[in-house]
Amino acid sequence: MVHTLVDRGAVGEVAMMRELYLKGYRLMLLARVLDDKFASLYRMGKIHGGVFLGRGQEALSVAIGLALRNTDIFAPLIRDRAGRLAFGEPLLDSVRTYLGSVLGPMRARDGNVHYGRPREGLLPMISHLGAMISVVNGALLARRMKGVPESVGATCIGDGATSTGAFHEALNQAAIERLPLVLVIANNHYAYSTPNERQFACASLLDKAAGYGVRGEAIDGTDLRSCLEAAEQAVRRARDGGGPQLIVAELLRLCGHGEHDDASYVEARLKAAPCGRDCLKVAEDYLQDQKWASSSELAAWRMLAATQIEETVAKVQREPGPDPYREDWCALASKHLSEGHNT
Amino acid sequence: MVHTLVDRGAVGEVAMMRELYLKGYRLMLLARVLDDKFASLYRMGKIHGGVFLGRGQEALSVAIGLALRNTDIFAPLIRDRAGRLAFGEPLLDSVRTYLGSVLGPMRARDGNVHYGRPREGLLPMISHLGAMISVVNGALLARRMKGVPESVGATCIGDGATSTGAFHEALNQAAIERLPLVLVIANNHYAYSTPNERQFACASLLDKAAGYGVRGEAIDGTDLRSCLEAAEQAVRRARDGGGPQLIVAELLRLCGHGEHDDASYVEARLKAAPCGRDCLKVAEDYLQDQKWASSSELAAWRMLAATQIEETVAKVQREPGPDPYREDWCALASKHLSEGHNT
Amino acid sequence: MSITYLDAIREAQARALAQDPKVFIYGQDVGAFGGAFKATRNLAQHFPGRVIDAPISEDAMLGLAVGAAIEGLRPIIEMQFADFSTVAFNQIVNQAATLHWRTRVPCPITIRLPSGGTSGSGPFHSQSLESVYAHYPGLVVMTPATVEDAYSMLLEAVAIDDPVIYCEHKYLYYHLKAEQLPTEAMPVGKARITRPGRDMTLVAYSAMVHEALAVAEELATEGTEIEVVDLRSVKPLDTDTVMASVARTGRLLCLGESWPWGGVTAEVIARVATEGFDLLDAPPQRLNAKDTPVPYHPNLWAAHRPTARSIAAAARNLLRL
Amino acid sequence: MSITYLDAIREAQARALAQDPKVFIYGQDVGAFGGAFKATRNLAQHFPGRVIDAPISEDAMLGLAVGAAIEGLRPIIEMQFADFSTVAFNQIVNQAATLHWRTRVPCPITIRLPSGGTSGSGPFHSQSLESVYAHYPGLVVMTPATVEDAYSMLLEAVAIDDPVIYCEHKYLYYHLKAEQLPTEAMPVGKARITRPGRDMTLVAYSAMVHEALAVAEELATEGTEIEVVDLRSVKPLDTDTVMASVARTGRLLCLGESWPWGGVTAEVIARVATEGFDLLDAPPQRLNAKDTPVPYHPNLWAAHRPTARSIAAAARNLLRL
Ligand SMILES: Cc1ncc(C[n+]2csc(CCOP(=O)(O)OP(=O)(O)O)c2C)c(N)n1
Ligand SMILES: Cc1ncc(C[n+]2csc(CCOP(=O)(O)OP(=O)(O)O)c2C)c(N)n1
Ligand SMILES: [Mg+2]
Ligand SMILES: [Mg+2]
């Protein structure tokens, strides 16, 4: 998906932004309604294990997904449902993964947020925070070695993950190799229950950029327009050889860490602050101010999203779970080297 | 060892600096002559395993050791012979460790640069770079919890070690807890054979300070006076509650990574640059310019150092190595939990 | 009043904090929030400044613990999941585990690892790493299987002058209940005969003890008496108790929830085979999880680890039933 | 011309780079400098841009390798010492080892671990970690003991579509010489009968194979024929060849240079005891390093690991000589 805002005069600019904004909004909406669906399925006991949502972070996430081409590399994290859809991930993938369908990309061997399509540049996260960044580096270095025209790799992490050694090693590695990495930090002010004050002591996470010798941009993660512009610019700079780009977005997680968590620890002052705004509402107000969409259109789109999701869920609920007797129980690609010594 | 340069007027200042500088120089000299001795013992095949020297880094190292009190905490790294001596480590410790005397602090169980006296605040490094910083943090936090008047903890690392996740996690941790940590980066421009360009992409390692929210200072690591002043100030600031202090010193390793290495990869331009100066010569010139010492005094001190070292080495060479039959071969402090299942 | 395995872990920490000012707790979200599993609920309030939230920095968490231990404190480190201890691996096996041997300075650290599989947790929230840590010198590795042991062994762990890997099984957190906390306890390093029996020795630890007991129950109805041995700690490993049991039964089946290559079952069988060969009337047998990551889906998870069903089959096989 | 074990490792990498443009090498100081042990000497010059110096970031080194593997490349990662792989542990066991099982995408990475003890190297430059990695699903663990195997197995490692932990023994780097590089090789996963014998099976791998051969020599002069089995890879472990040998000799002694708890010797004995119990005429025996860190001083180091002396004693004991 290419969206370079090439300058064809203000009019063209506005038209393109309108198109992009609308596309972004509708993907945000789809992600939000989907997350709501997962939340209710969880409450109904229809999902095994935890459920982790991106509520409040859709604007940022969708902007990254839209700024990338489907030939690029994207390593989403736990709150990137919107970015996944924007990158082109089929709705089916997340539904099948959460519902444990054997037809899902992970064949129900892995679940909830741990899924992707490595062959298509969509890297499936492991749980260990920070660990995916250097994997993106490797994919980018490989493409450079193979001589494929510079593709960009983007990945998202939270404020908490900036404290991992993996984050540090990987960002430094990307800077040394001057890789086209776009590293997006979603500062939602909490790592599970841990507030920023217990996670870092710098004035802003943006202050880290200089220490790695990379370019950084701070943005309002609740405003779709700023997110679209920042993401598009960062991706372009990376593609043009500008090396790693750091984006630090301020926002708030408008849900628990997982659906088991009531997030009672989130401070009222943050909820009241600009970062506490719901990016979806912000976008809806903006759409109406700009006369880009009417309230009835918004309502219709929401209906559409809901129907699309209900149909997908209904379809997946009829799909089989995995059959242990059909599993090869072999971790190796080289079957001949498997010990078969499995009991 | 306390050396607060309290202002008692210029005269007192100068007198104190003179005293401190002389003390520092003589410790540098002792460390240098000792390192030379280890190098020759190595060439004579009298030392098991590798030998790692601090040649060219004595001014920085000694300054840290002198700035600390002997009740503080110090975690030296591989090039800190001078700092160890300045902190009060007996000459015997390094000689016994290198010569594998069972009377050494590590009882010949560990060797070369891996030694110390944890009970006396001198932490013995493990080889894994970056791993000691968080250990210093722990000791400092413990003292704060125990209510002992704020002691300072200092540790040194190289340019290469800044790329470790351990460095990042530990410095961030110290910043969050606002611990009195003095972290000294000796940028000798190489990590083994790897030059700075392959290690980091920031303009200066000092640029990392802001990303952790800590105070930083860049100094000329070849100039004893700058080192003494910077170390003293950093330690005072840390002791006064200023939180972690970062010192970045530019210098050059005037020897191989280890004595097995001819360091042929070191670029001539660096050797010719200011950072390539020999801090010992710089100090000797300064001493003579200031008329703080005459060339004959310098010669005499060198003789003295040599004699002291020769005596110590001679003594240690008569000491026994470890006797495997006297070893308990038990890794646990709780002997009763040992499996004795050792074959 | 009834106490869960998880309550016991919380109570033990409360008591350790109350008894000894040198004890403190450090881990992600352990403070006001009370921990991901609520194993430290209310402790921060009752022991101000001694239950400390850590950043997401497992390596530094362990390094800090070692430094504090050098200064005479007795840190308890909570890993949010055992699986994340791999990030702290170097500090555990190379820093903490070597300190005393290198310097004579003890390193009393308790590392709590919420371990083991629960349905729907997947490859990175289900691991059992006791065998990995037990391979290294300088560590004690505990695997409590009962509410009472969870309590008394955690107190022991804090009291021991060495780094202790305390593997608490997440599956037991809520499933296991006791009437009250124990007043006395077996010494660390001693295995327990949980259920006596003459026909076969079934060695297990942690959650597998309960699968073993279920199987013993089942086979008892058929007149076969299985002796269930709960290792309690896998390092040190109580070879004597296992050997004595095998001496009585002549048959050995060993259970583990972790992966098949190496590990506890291999070590137990190797010791019995080398030191108690003549006690065996039949080849010793073992049952482990399959040699793949722990699967997410309940169907797969149930087939991945040993279950009462597969254990019973192995037992019958060994007993030629 | 004579080729050392270290030369063989260099030659194998040169050939891998020459044969397949997808291969590259990444590690600290591997470029112009040729690596801490010179295992990549001249390779950067001959293969520009494909032998890359890494920062001191083991975790990111392995992560990068996985990403490159996903894109179809075949990275060779050099750890400066096996001991430092603990810093990359998480990426190895949780990222690389799980990728194929989770996603069907192969992860062809070769991780070279300069392993094992050499006199004067101490606790952090001497470790043998094959048992730690073999415990995890999804990894192949090779432990070549000869110049020929060092060469052919490294080429195999690069060709295999899974992460391979290639344990190269530093003690063999210079001590071991061959006349020429091999033209054919045994398949990976097959153990070798290095020396046939009827009286006892002595299972070893890596440097211990040579201690085993010395002992076999010694006892041969006394008329005892020891069969020496070189495992070559510890995962997969060639149980069949070991079992067949024990079937002939009835006696088993297993050697390992790593720590005693768990690990290769436990796994070998557990397999023979469970699957080949009746083949044994005497209790199987094992000999490992002592359960402490690897000591620095030569006196202690020599006593810490199995030596021809201690192995001979154990062999005589097993043979009732
Ligand atoms: C290395 C590691 N340690 C601990 C965890 C457990 N954990 C999962 S999510 C989380 C909080 C993450 O916070 P943040 O990075 O800010 O992302 P957010 O959840 O706020 O989006 C923690 C501690 C983990 N996944 N990985
Ligand atoms: C985690 C880790 N990886 C690799 C090594 C091997 N190693 C020992 S010293 C060294 C270079 C260190 O460079 P630097 O930090 O700049 O210190 P310097 O030697 O220049 O003083 C390396 C790579 C190590 N000790 N630890
Ligand atoms: Mg967060
Ligand atoms: Mg350096």
Side-chain angles (χ1 to χ4, degrees), chain A residues 73 75 105-107 109-110 114-119 121 123-128 130-146 148 151 153 164-177 179 328-342, chain D residues 21-22 24 26 49-50 52-73 75 87-88 90-91 94-108 136-140 159-164 187-189 233 235-237 239 267 271 275:
Chain A
I73 288 154
M106 312 304 275
R107 297 165 291 165
R109 290 180 175 189
D110 208 341
H114 306 89
Y115 65 105
R117 300 174 170 230
R119 283 266 176 267
L123 305 183
M125 62 177 278
I126 67 169
S127 299
H128 300 70
M132 298 311 296
I133 307 169
S134 55
V135 177
V136 175
N137 290 348
L140 293 172
L141 187 72
R143 291 191 177 188
R144 180 182 289 173
M145 287 177 148
K146 291 189 291 182
V148 282
S151 30
T164 63
F167 160 86
H168 173 71
E169 293 193 1
L171 182 51
N172 185 58
Q173 177 182 58
I176 293 167
E177 303 295 344
L179 294 171
D328 61 4
W329 295 110
C330 172
L332 296 177
S334 323
K335 300 274 170 271
H336 65 289
L337 295 181
S338 160
E339 297 210 291
H341 185 273
N342 281 340
Chain D
K22 295 199 238 45
F24 72 99
Y26 189 50
R50 294 172 61 196
I52 304 169
D53 284 327
I56 307 178
S57 305
E58 283 78 7
D59 182 277
M61 282 164 60
L62 260 295
L64 181 144
V66 172
I70 288 172
E71 288 293 310
L73 298 194
V87 181
N90 183 58
Q91 295 282 18
N94 285 321
Q95 188 89 261
T98 66
L99 181 69
H100 176 262
W101 183 82
R102 292 171 69 230
T103 68
R104 284 203 183 94
V105 174
C107 191
Y136 279 89
L139 299 172
V140 170
I160 288 173
D161 272 341
D162 292 289
V164 177
V188 173
S233 68
K235 192 173 188 180
L237 183 69
T239 317
E267 183 64 21
R271 292 193 190 185
E275 300 161 35

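Proteins get letters first, then strands, A, B, ... in listed order; numbering begins at 1 in each. Note: hydrogens, waters and symmetry copies are ignored here, and every other heavy atom, side chains too, is used.
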So, the part of A:Leu332 with a heavy atom under 4.5 Å from chain D: the answer is both
Cut-off 4.5 Å, heavy atoms of chain D, and the answer for A:Met106 is both
D:Arg102 vs A:Ile126, test: side-chain contact (heavy atoms from CB on, under 4.5 Å). Steps then yes/no. CA-CA 10 Å; D:Arg102 292 171 69 230; A:Ile126 67 169; 3.6 Å; yes
- Query: Would you call D:Met61 and A:Glu169 a side-chain contact if the rule is heavy atoms closer than 4.5 Å?
  - Reply: no
Honestly, the part of A:Ile133 sitting under 4.5 Å from a heavy atom of chain D is neither
Okay, A:Leu140 and chain D: the region with an atom under 4.5 Å from a heavy atom over there is neither
Whatever's closer than 4.5 Å to a heavy atom in chain A on D:Leu73 counts as side chain
Scored by heavy-atom pairs under 4.5 Å with chain D, the best of A:Asn137, A:Asp110, A:Leu337 is A:Leu337
Applying a strict 4.5 Å limit to non-hydrogen atoms, the region of A:Pro124 in contact with chain D is both
Whatever's closer than 4.5 Å to a heavy atom in chain A on D:Gln91 counts as side chain
Subject >> D:Gly72 backbone acceptor or donor facing A:Lys146 side chain under 3.5 Å >> reply: no
Whatever's closer than 4.5 Å to a heavy atom in chain D on A:Arg117 counts as neither
Checked D:Glu58, D:Lys22, D:Arg50, D:His100 vs chain A; the most non-hydrogen pairs under 4.5 Å come from D:His100
So, the part of A:Ile176 with a heavy atom under 4.5 Å from chain D: the answer is side chain
Note, D:Glu71 side chain near A:Met145 side chain (heavy atom, < 4.5 Å) = no
Okay, D:Leu237 and chain A: the region with an atom under 4.5 Å from a heavy atom over there is both
Highest number of heavy-atom pairs under 4.5 Å with chain A among D:Asp161, D:Asn94, D:Leu99 belongs to D:Asn94
Residues passing the side-chain contact (heavy atoms from CB on, under 4.5 Å) test with A:Arg119, sequence neighbours excluded, are D:Val105, D:Pro106
Ignoring hydrogens and geometry, is there a side-chain-to-backbone donor-acceptor pair from A:Gln173 to D:Ser57 under 3.5 Å?
no
*Heavy-atom donor-acceptor pair, A:Arg107 side chain to D:Trp101 backbone, under 3.5 Å*: yes
After noting the C-alpha distance and the side-chain angles of D:Asp59 and A:His128, does the key distance pass the side-chain contact (heavy atoms from CB on, under 4.5 Å) rule? CA-CA 12 Å; D:Asp59 182 277; A:His128 300 70; over 6 Å; no
**Item:** Short side-chain to backbone donor-acceptor contact, D:Asp162 and A:Ala333, under 3.5 Å
**Value:** yes
If one checks every heavy atom of A:His336 against chain D at 4.5 Å, the contacting part turns out to be neither
Looking only at A:Ala170, A:Ala131, A:Ala174, most heavy-atom pairs under 4.5 Å shared with chain D are made by A:Ala131
